[in-house]
Amino acid sequence: MSDKKKKKLTPVQQQYHVFAKAREPHRPVLLNCLKAFFVGGTICLIGQGVSWFYMTYFDFTEKTVGDPTVATMIFLAVLLTGLGVYDHLGQWGGAGSAVPVTGFANTMASAAIDYRSEGYVLGVGGNMFKLAGPVIVFGVVSAFVIALIKTIWLTWFQGGM
Amino acid sequence: MRRGRTWTFPNKPVIISSAAVGGPFEAQGPLSADFDILHEDFWLGQDSFEQAEKKLLEQACERTIDKAGMKKEDIQFFLAGDLMNQIVTSSFSARTLGSPYIGLFGACSTSMEGLALGALIVDAGQAEFVIAGTASHNAAANRQYRYPSEYGAQNPPSAQWTVTGAGTGLIAKEGKGPSVTSATIGRIVDMGISDPFNMGVAMAPAAVDTIEAHFRDLDVDTDHYDLVLTGDLGRVGHRICADLLHKHGLNIPQDRFGDCGLMIYREDQPVQAGASGPACSATVFYGHILKEMEKGNLNRVLMVATGALLSPITFQQKESIPCIAHAVSIERMR
């Protein structure tokens with residue numbers, strides 16, 4: 001906990017935090033990282049397999065194969081979400097299942113399923129982006145900032161873009 | 001009568017009938033035999049999880065009344081609460097039941113809040129038959145509190161699993177069954193914990209506060225009860241609670257101190273630190289414990305239901321979690 005937050009607590013509360021902390025199970029961070037690495041890696045491996053499949057059996061190049069691959073991965077993730085498999089993968093694999101494009105598809109599909117009982121417009125439509133929304137907002141904002149930094153760097157320090 | 005913040009009930013209201021209803025996950029647990037109704041379908045054949053939760057409470061009420069050989073018109077008051085916004089599960093069930101109704105909110109402490117108030121009403125001679133109860137549904141609670149793992153998030157080891165179920169009891173002026181002898185009303189204890197994945201830790205001090213008050217007010221020994229059972233502290237909270245009580249010099253024998261959150265599910269069910277939700281203490285008490293008392297395995301039980309009184313908004317606004325615990329003592333009269 002941050003020091004700022006700690007200052008707001010009374011001495012009794014602070015004492016309890018120390019008392020409780022000693023008895024709490026810790027998140028198995030290292031194990032979680034390893035699991036995330038393998039789950040994320042496996043998802044990407046499957047994606048790579050899909051790419052090869054499209055390049056070998058269809059008329060795609062390394063440049064154009066991205067779109068059908070992503071579409072296939074999204075389809076698989078949505079299917080697994082609908083079948084109730086993806087959440088178990090999420091609990092086991094943590095960030096490994098959340099970070100790739102499949103995780104993004106999962107957040108949208110699960111929100112859409114979740115709010116089905118409130119109707120198509122206010123339920124599904126209104127809440128589908130509930131979790132995906134922040135990802136889009138901050139993804140776009142950070143992409144903009146990075147692009148700005150790159151532009152400034154190239155223009156002023158490298159002498160032209 | 002009142003001693004400190006403990007009500008004692010000289011007229012000894014009786015729990016003449018009770019019922020526990022559970023879902024598919026509860027059916028796999030070790031207490032499955034003590035449920036009156038177990039559902040295979042997580043949806044209970046309804047269109048939404050909220051409706052399923054309502055169905056759970058309605059069925060528990062219906063079964064409780066049936067078991068007592070009564071009709072729903074005989075019920076004079078219905079006391080219930082739940083976790084939904086505006087406690088709709090309880091109000092909608094009260095609509096079905098048709099009896100005069102008082103809605104409660106005590107989060108997971110509602111089971112004992114209802115039983116304490118029900119006993120008070122009956123003891124005071126204001127009613128002969130009162131039903132108290134509560135319900136929760138795992139998916140409905142997840143939707144309410146917004147951290148479902150269906151969204152691909154990972155629950156830490158201190159997280160708990162909301163019970164799908166309902167428990168109700170019929171409190172009567174006289175009849176066959178265990179008596180409600182006293183109730184200690186909790187006060188809010190907030191130790192500055194703000195992590196909703198750490199409810200057990202947040203609620204443990206509230207349980208300690210109420211248990212201490214109960215033993216102090218009634219001036220009884222720690223081995224007075226065959227069992228002191230906390231509501232849903234889970235693995236982490238229960239240990240902290242036991243250690244805190246020990247630290248404060250209140251040594252309840254280890255084999256007489258349990259937690260409902262550690263009883264409903266098997267060790268290998270993926271529930272992290274244990275069970276939670278209003279239905280946790282309600283189904284264990286109105287199902288398992290009352291049956292054990294009937295069999296004569298338990299004579300005196302102190303039920304301490306703990307509740308975390310947060311809302312999704314206060315959590316997002318980074319407020320800490322105010323917690324409460326209500327204790328009710330139930331005794332088998334010989």
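Below, chain A is the first sequence line, B the second, and so on; all start at residue 1.
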Going by residue number, which parts of [range] are within reach of chain A, meaning a heavy-atom gap below 4.5 Å?
range: residues 259-280 of chain B; result: B:Gln272
range: residues 202-217 of chain B; result: B:Ala204, B:Pro205
range: residues 237-246 of chain B; result: B:Arg239, B:Ile240, B:Asp243, B:Leu244

Minimum-distance pair of heavy atoms, taken over all atoms of [X] and [Y]:
X: B:Ala305; Y: B:Ser281; answer: CB-OG, 3.9 Å
X: A:Ala109; Y: A:Thr81; answer: CB-CG2, 4.1 Å
X: A:Ser51; Y: A:Thr69; answer: OG-OG1, 3.1 Å
X: B:Ala107; Y: B:Gly307; answer: CB-CA, 4.4 Å
X: A:Lys35; Y: A:Trp92; answer: CD-O, 3.3 Å

Exercise. Let me know if B:Asn198 has heavy atoms under 4.5 Å from chain A in its side chain, its backbone, both or neither.
Key: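 Answer is side chain: those atoms of B:Asn198 sit under 4.5 Å from chain A.
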
Quiz item: Which residue pairs pass the salt bridge (Lys or Arg N to Asp or Glu O under 4.0 Å) test with at least one member in residues 193-207 of chain B, sequence neighbours excluded?
Solution: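 Every pair satisfying salt bridge (Lys or Arg N to Asp or Glu O under 4.0 Å) with a residue in residues 193-207 of chain B: there are none.
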
Quiz item: Taking the six-membered ring for Trp, are the ring centroids of B:Tyr145 and B:Phe315 within less than 6.0 Å of each other?
Solution: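 Aromatic pair excluded; centres sit 6.0 Å or further apart.
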
Practice problem: Please assess B:Phe42 against B:Phe49 for the test ring-ring contact (aromatic ring centres under 6.0 Å, His included), listing each intermediate value before the final yes or no. | Solution: CA-CA 8 Å; B:Phe42 200 44; B:Phe49 293 129; 5.6 Å; yes

Self-check item: Sidechain N-carboxylate O distance under 4.0 Å for B:Glu58, B:Lys55
Solution: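 Salt bridge flag = no for B:Lys55 with B:Glu58.
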
Self-check item: Contact class of A:Glu118 relative to chain B, heavy atoms under 4.5 angstrom
Solution: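 It is the side chain, since no backbone atom gets that close.
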
Quiz item: Can A:Thr102 and A:Tyr86 be counted as having a side-chain donor-acceptor contact under 3.5 angstrom?
Solution: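 There is such a pair between these side chains.
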
Quiz prompt | B:Gln160 side chain vs B:Phe197 backbone, donor-acceptor pair below 3.5 Å | solution =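 Side chain of B:Gln160 to backbone of B:Phe197, a donor-acceptor pair under 3.5 Å: no, none is there.
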
Quiz item: A:Tyr16 vs A:Phe19 aromatic rings, parallel, tilted or perpendicular, using cut-offs 30° and 60°?
Solution: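 The rings of A:Tyr16 and A:Phe19 lie parallel, inter-plane angle below 30°.
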
Exercise. Output the distance between atom OG1 (B:Thr162) and atom CG (B:Asp232), rounded to the nearest 0.5 Å.
Key: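 It is 8.5 Å, given to the nearest 0.5 Å.
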
Quiz item: When rounded to the nearest 0.5 angstrom, what is the spacing between CE in A:Met108 and CG in A:Leu131?
Solution: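 Here the interatomic distance stands at 10.5 Å.
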
